[in-house]
Amino acid sequence: MQHTKNLILGGGLTGLSTGYHLKSDYAVYEKLHEVGGLCRSEEVNGFLFDYAPHILYTVNPYAHELIHTLLKGNLEIKKRKAFIYHGKYDLYTQFPYQAHLHGLPAKDVIECLSGLVDVLRDPDRPKPQNYREWMYWRFGKGIAEQLMIPYAERIWTIDPKHMNFDWIDRRVPEPDFEAVLRGALQDEDDESGFNQEFWYPIEGAIESLPVALAKGVQNIHLNETVTRIDPVTRQVSFESGKVVGYENLVYTLPLTHLPKFIDGIPQNVLDAINGLQFNQIECVNIGINRPDISPYHWLYFHEAEDFIFHRISFPRNASEKTCPPGTSSVCCEISYSKHRPLRVQGREALIQATIDGLIKAKIMRPDDEVLAADVLTVDPAYVIYDLDYEKNVKTIHEYLVSLDIHPTGRFGDWQYYNMDHSILAGKRVADLINSRAE
């Protein structure tokens with residue numbers, strides 16, 4: 001049996017970051033043949049596609065410095081071009097919706113503005129109890145019903161009345177009525193939101209980030225699938241037959257996998273695990289034998305009846321190195337879950353439904369030559385913050401901590417993390433372990 005002081009399960013950004021920041025003996029175990037987790041890229045007929053769209057940005061000074069150090073010379077700064085497609089009007093408005101109403105029919109603009117005025121006139125209105133109520137409470141009837149609720153239902157796969165809103169409240173600023181009014185009366189170029197400017201690798205797509213991070217991490221073991229965690233003997237068993245003892249266990253895998261690994265989990269903890277909600281994403285990636293199919297970085301689609309995908313992005317507009325010369329590509333995200341299964345089943349049906357939607361939106365032409373078509377599955381994809389979220393996660397984390405297991409990362413913390421958050425999560429647990437060793 002092998003032994004390591006700090007055993008890290010998962011070689012995604014958080015697991016790699018934990019190893020990168022630890023001062024003492026550690027080992028990283030990853031089930032795939034490469035590091036990166038969801039921060040990986042695949043090559044299909046010369047096209048590079050990420051596992052769902054990834055962009056880099058952060059407000060954290062340490063994460064900013066680390067990312068730029070790791071990708072020095074391989075990072076390009078982009079000004080966001082994000083838009084919303086309104087199929088019923090065949091027009092685009094700039095993201096975020098509430099700040100760029102110009103161009104919409106007058107009746108829609110009036111409904112949005114009057115709804116927001118009603119909200120601002122009533123500062124003592126009852127506090128919202130769920131995400132659906134929050135959208136009305138924050139933006140008013142027009143903005144909530146025209147875009148925010150339909151899009152929320154598309155990506156989260158459930159009625160937002162079953163979700164809390166703590167996670168989104170941190171990401172969306174209080175409406176500035178003057179800015180909303182300007183954006184309704186004229187075509188505003190001013191960007192708003194937290195990722196007005198982002199970075200993307202010039203070469204190697206997003207996978208270049210974990211590859212660069214892994215260069216600062218030793219003792220990485222690939223093709224090692226966990227089969228059992230024994231917190232009593234402090235041993236982890238792997239499919240390969242390897243058994244590794246540990247002093248500290250860092251768990252970056254999904255909390256939903258715990259019953260497969262640990263025997264004798266108390267019933268209340270099992271109930272909490274079974275109560276966790278998440279969606280899955282099928283990324284349908286298309287390579288097209290035509291350059292410059294779109295000027296945008298990504299587009300939102302809120303009309304479920306017309307489009308199978310809820311968001312699409314254009315890798316070439318992040319880096320031209322993701323496509324062969326003279327071509328373009330598009331990544332289309334399709335969200336589903338046990339609450340709302342995929343409307344079509346099977347790889348070929350998903351690809352065809354996606355192409356049909358792209359033609360309907362006039363992004364593809366009926367005579368476009370498809371040079372690459374692939375489907376990448378992200379499962380789990382996004383954590384769903386349902387109304388029992390805090391109670392369930394607290395129960396699971398308290399149980400793991402009682403076993404001296406450190407859950408961390410997007411699926412260990414069970415949080416809606418961006419890449420910088422995932423890196424910082426690894427640093428936090430490494431700092432904790434380092435401090436205890438001093």
Residues K394 and E390 bridged, charged N to O under 4.0 Å: no

Sole residue of F309, F198, F314 in ring pair (Phe, Tyr, Trp, His ring centres under 6.0 Å) with W298: F198

Test side chain to side chain contact (heavy atoms under 4.5 Å, CB included) applied to W134 and K127, step by step: CA-CA 8 Å; W134 178 87; K127 297 293 184 183; over 6 Å; no

K427 with D431: basic N within carboxylate O range, under 4.0 Å: yes

Parallel, tilted or perpendicular: rings of H86 and H302 (30°, 60°): perpendicular

Whether N60 side chain and A63 backbone form a donor-acceptor pair below 3.5 Å: yes

Salt-bridge criterion met for R311 and E333 (N-O under 4.0 Å): yes

Side-chain ion pair, R40 and E34, N-O less than 4.0 Å: yes

Parallel, tilted or perpendicular, as decided by the 30° and 60° cut-offs, for the rings of F238 and Y29: parallel

Lys/Arg-Asp/Glu bridge criterion (N-O < 4.0 Å) met for E197, K78: no

Ring centroid separation Y62 to H21 under 6.0 Å: yes

Result of checking I273, L400, D413, V269 against L255 for side-chain contact (heavy atoms from CB on, under 4.5 Å): L400

Nearest-0.5 Å distance, CG of residue L249 to CD1 of residue I229: 5.5 Å

Aromatic ring proximity, centroids under 6.0 angstrom, H162 and Y131: no

Polar side chain donor-acceptor pair, N392 to T395, under 3.5 angstrom: no

SB check R132 D159 (cutoff 4.0 Å): yes

T58 and D420: side chain donor to acceptor below 3.5 Å: yes

N6 side chain to S24 side chain, donor-acceptor N/O pair below 3.5 angstrom: yes

Ring centres under 6.0 angstrom apart (H68, W199): yes

Criterion ring pair (Phe, Tyr, Trp, His ring centres under 6.0 Å) against F301, the qualifying member of F83, Y151, Y85: Y85

Given Y389, W156, Y382, the one that forms ring pair (Phe, Tyr, Trp, His ring centres under 6.0 Å) with W167: W156

Charged tip of R410 within 45° of Y417 ring normal and under 6.0 Å: no

